[in-house]
Asker: 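Below: one structure in structure tokens.
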Amino acid sequence: MHPYRSHTCGELRQSHAGQTVRLSGWIHNRRDLGGVLFLDLRDHYGITQIVVPPNAPFQDAISRLGKETVIRIDGAVRIRPDGTANANLPTGDVEVVVAEYEVLGTCQALPMNIFPEDHTPEETRLTYRFLDLRRSALHHNILQRSRVIASIRRRMTDLGFNEFQTPILTASSPEGARDFLVPSRLHPGKFYALPQAPQQFKQLLMMSGFDRYFQIAPCFRDEDARADRSPGEFYQLDMEMSFVTQDDVFAVCEALFPPLFAEFQPTWKLPLEDGGKFPRITYADAMLKYGVDKPDLRIPLEIKDATDLFAGSEFKAFANKTVRVLKVTGCADKPRSWFDGLQDLAKKLGAQGLAYVIVEEGGTLKGPIAKFVTPAVTAELQARTGAVVGDTIFFSAHTDASIAAGLLGHMRNHFGRELNLIEPNTFRFCWIVDFPMFEKDPETGAVAFSHNPFSMPQGGMEALLTQDPLTIKAFQYDIVCNGIELSSGAIRNHVPDIMYKAFEIAGYGPEVVNDRFKGMINAMKFGAPPHGGIAPGVDRIVMLLADEPNLREVIAFPMNQNAQDLLMNAPSPVSDKQLRDVHLSLRKPPGQAAAGAAAAPASGAAKA
RNA sequence: GGAGCCAUAGCUCAAUCGGUUAGAGCGCUGCCCUGUCACGGCAGAGGUUGCGGGUUCGAGCCCCGUUGGCUCCGCCA
């Protein structure tokens, strides 16, 4: 017989009755009735009830084993007595009467309960992640992640894509997020960088003639964390295609995502437009109607412009500023404290406050700024927003249109949650298209790339030569689902002259392009195909499919908000020898780092 | 870099307006219990209320500072 098991803990049924079996697993729970003792034995596959009979010589010893001890048991499968089956367990019709057992792994006092799965501080969960991962909720999420990725690979292959690997140690990129740097031992003073994305490599693969590329690609960016943004590293479903238009890229995503999401969340609604397409919203429209470039379309609220209504107003807070309004139903009867809370939230977001009026009988307005709104403007506001008696109209005004829009964008999401307006159990996808190619750097006022410098400007060279750069749009697009930016992509610029010109507009001479994008600009001069792609975030896809609000719930070993791995204790100091090897000295060694460095050789020795 | 919230037993939480010996459930230890499945019952151990300072006759509670965590802003081509 196998030393550990003949069956798994999720396997036994009535048909196994009478067989002698061997099971191994964790002691999940224990019910000691004095005479008879029940153990729930758990492994990856399930839970099986083990019975220790009253006359067993080892009953006292086995009853003292703590939860999460790993044991092996031998025993006979039998059908449970009438009325004692457990319908909640797949194995609940049977039990195993233990004849012999062996402890395979002892367990100390636990820092957290595996069962029942009560709330535990995240710091504890991350420090003891291997315990957290045993709990069914997280265990299931991680397994689901594995299945989602397997499904993605199968679907991408079926769509004609080939999977490639690209380097992890590569060159630092001049734009974008901060790089993680890796010092070179062989080249003193030089550094590798971990890729922020395999952007140039995938384009080079297209120029190498491979036509359809994908990769479940690790990406590294040294930026601060958010609930939907892991610090340091994350995975993208990176893809790129040759000889395609924007519509061709969209078609691939529309063939991939709806069936993928239906596979893993089959009961949820996934509304699509005719032909199975995602709605397309221009960047400008999204900023106007939703105040963000990643609108949550499950929330049935829409922002309207009211700039013209207050253009010459005597109300200085609104006059000659961009004014946006948001009608909200169902909050007029909220107490004053609720509206005060909104003021605090608005201030937190950097606004002066959040002006509002409530529509009353007869079309009059109530509220702190009601006296500044003339009857004519009131009528027009009601017409534009559709506000009726009992509705509240919120205002946002700023000289910078995007700030005015942004405040109501945040408030729109806030109201969605607060007033329970979010359409339940639904995935609302959309495309955001026509992103601007350039934007004004708010600090320097200079023209800079707005997103990806490798995107093809709409209108090509002619647009670059004739248009105001700030009006040029790019073939640059995002997929958004339920207010989460799943991915961004673009049709790339494959024409060297247009590339040089675009960089010139952004303030970089040809020598910069030649130096920093040497491989790619070179490849573009030797017959580059038109190409484009997109890179949906795998972690965010799994987060949506698992219906989790936080990325850490779908990552096996995540870092905390401060980019620390509490389980592996990273980052950590290194020894002086390691630093010397890579020609580094610490600029400002803090006291604790010096102490840690002294201890490092010991851990190094342990490894060897 | 900045803001908000949080920090009480191993874990989840409570402790009235600042007032007697800081409580309960889970877990742990011991005992009882022959059909439980979140088993039940009895008893017990377990606390520098994150840390430092202050106000006060008296601080878990108020004030200041600090550390850590989460969320958000900046940042994320």
Side-chain angles (χ1 to χ4, degrees), chain A residues 28-40 47-56 59-60 63-64 66-68 80-89 91-92 95 107-128 131 173-179 196-197 199-200 219-232 234 341 344-345 347-351 406-407 410 413-414 435 437-439 441-443 448-455 474 476 485 488 490 502-503 506 508 516-517 537 549-550 552 560-562 564 566:
Chain A
H28 184 67
N29 198 15
R30 181 179 50 225
R31 291 171 298 280
D32 187 348
L33 276 62
V36 67
L37 166 66
F38 297 104
L39 297 178
D40 289 336
I47 290 175
T48 299
Q49 175 164 286
I50 310 299
V51 186
V52 184
N55 57 354
Q59 208 212 22
D60 186 63
S63 78
R64 288 169 195 282
K67 287 190 179 185
E68 298 305 308
R80 294 198 195 183
D82 278 352
T84 63
N86 184 349
N88 296 321
L89 279 184
T91 63
E95 58 195 11
C107 183
Q108 300 178 1
L110 291 160
M112 60 192 279
N113 288 337
I114 311 302
F115 176 84
E117 295 180 30
D118 45 27
H119 187 261
T120 307
E122 193 148 27
E123 195 175 357
T124 307
R125 295 178 54 200
L126 292 175
T127 305
Y128 297 95
L131 295 180
S173 58
E175 300 235 347
R178 273 184 293 273
D179 285 316
Q196 297 186 22
Q199 181 66 35
Q200 294 187 62
C219 303
F220 305 91
R221 296 178 192 175
D222 188 2
E223 296 295 336
D224 289 347
R226 289 288 183 278
D228 65 352
R229 196 169 81 206
S230 298
F234 59 97
D344 295 341
L345 179 58
K347 284 173 187 163
K348 229 174 103 177
L349 296 167
L407 173 64
H410 270 103
N413 286 334
H414 179 75
F435 278 85
M437 182 81 193
F438 301 100
E439 64 188 9
D441 185 311
E443 283 169 22
F449 286 115
S450 155
H451 283 82
N452 189 324
F454 308 138
S455 297
Q476 165 91 35
E485 183 192 319
S488 62
F503 272 82
Y508 300 103
R516 293 187 173 166
F517 307 107
N550 190 309
R552 292 183 296 274
N560 69 6
Q561 180 168 254
N562 291 324
Q564 296 165 301
L566 299 176

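Quantities reported herein were computed from a predicted structural model and do not represent experimental measurements.
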Asker: Looking only at side-chain N and O atoms, does Q564(A) come under 4.0 Å of OP1 or OP2 in rG69(B)?
Answerer: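 Checking Q564(A) against rG69(B): at least one side-chain N or O falls below 4.0 Å of OP1 or OP2.
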
Asker: Heavy atoms from C-beta onward define the side chain here; which of rG35(B), rG69(B), rG27(B) lies closest to that of N113(A)?
Answerer: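 For N113(A), the side-chain atoms sit closest to rG27(B).
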
Asker: Taking the minimum atom-to-atom distance to the side chain of T120(A), which one of rC76(B), rC11(B), rC70(B) wins?
Answerer: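 Given the options rC76(B), rC11(B), rC70(B), the side chain of T120(A) is closest to rC11(B).
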
Asker: Mind checking the P distance from rG40(B) to rG25(B)? Whole angstroms is fine.
Answerer: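 Roughly 12 Å separates the two P atoms.
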
Asker: Checking base pairs now: Watson-Crick or wobble, both atom distances under 3.5 Å. What partners rC33(B)?
Answerer: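 Pair assignment: rC33(B) / none.
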
Asker: Is it the case that rG35(B) (base atoms only) and E95(A) (side chain only) share a donor and an acceptor within less than 3.5 Å, ignoring hydrogens and angles?
Answerer: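 Yes.
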
Asker: Less than 4.0 Å between a side-chain N and a carboxylate O, is that true for E223(A) and R229(A)?
Answerer: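 Looking at R229(A) and E223(A), the cut-off is not met.
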
Asker: Does H410(A) make a side-chain N or O approach to OP1 or OP2 of rC73(B) shorter than 4.0 Å?
Answerer: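 Yes, such a contact exists.
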
Asker: Could you please name the option among rU12(B), rU36(B), rC76(B) that lies closest to any side-chain atom of Q49(A)?
Answerer: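 Closest nucleotide to the Q49(A) side chain: rU36(B).
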
Asker: Closer to the 5' end of RNA chain B via nearest nucleotide, is it N86(A) or P111(A)?
Answerer: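 Nearest nucleotide further toward 5': that of P111(A).
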
Asker: For rC28(B), take OP1 and OP2 only and decide whether either is under 4.0 Å from a side-chain N or O of R30(A).
Answerer: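 For R30(A), the contact criterion (side-chain N or O under 4.0 Å from OP1 or OP2 of rC28(B)) is met.
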
Asker: Distance between the P atoms of rA24(B) and rG47(B), in whole angstroms?
Answerer: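 Going atom to atom, P in each nucleotide, I get 15 Å.
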
Asker: Verify the contact: side-chain N or O of R64(A) to OP1 or OP2 of rG30(B), cut-off strictly under 4.0 Å; return yes or no.
Answerer: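 Answer is yes, contact under 4.0 Å.
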
Asker: Just how far, in rounded Å, is C1' of rC33(B) from CG of D32(A)?
Answerer: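 Taking CG of D32(A) and C1' of rC33(B), I get 8 Å after rounding.
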
Asker: Using the P atom on both, measure rC26(B) against rG44(B) and round to a whole Å.
Answerer: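 15 Å, rounded to whole Å.
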
Asker: To the nearest angstrom, how far is R226(A) atom CZ from rC76(B) atom C1'?
Answerer: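 Result: 9 Å.
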
Asker: Starting at CG of L110(A) and ending at C1' of rG10(B), how long is that distance when rounded to a whole Å?
Answerer: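 The distance from CG of L110(A) to C1' of rG10(B) comes to 9 Å, rounded to the nearest Å.
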
Asker: I'd like the P distance from rU16(B) over to rC33(B), given in whole Å.
Answerer: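 Here rC33(B) and rU16(B) have their P atoms 42 Å from each other.
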
Asker: Looking only at side-chain N and O atoms, does N560(A) come under 4.0 Å of OP1 or OP2 in rG68(B)?
Answerer: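 Checking N560(A) against rG68(B): no side-chain N or O falls below 4.0 Å of OP1 or OP2.
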
Asker: Atom CG of L131(A) and atom C1' of rC11(B): how far apart are they, to the nearest Å?
Answerer: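 So the two atoms are 13 Å apart, to the nearest Å.
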
Asker: Looking at R552(A), I'd like to know whether one of its side-chain N or O atoms comes within less than 4.0 Å of OP1 or OP2 on rG69(B).
Answerer: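 Checking rG69(B) against R552(A), no side-chain N or O comes under 4.0 Å of OP1 or OP2.
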
Asker: Think N29(A) has a side-chain N or O under 4.0 angstrom from the OP1 or OP2 of rU36(B)?
Answerer: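 The answer is no; no side-chain N or O of N29(A) sits under 4.0 Å from OP1 or OP2.
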
Asker: Hey, which sits more toward the 5' end of RNA chain B by its nearest nucleotide, R31(A) or G34(A)?
Answerer: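 Nearest nucleotide further toward 5': that of G34(A).
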
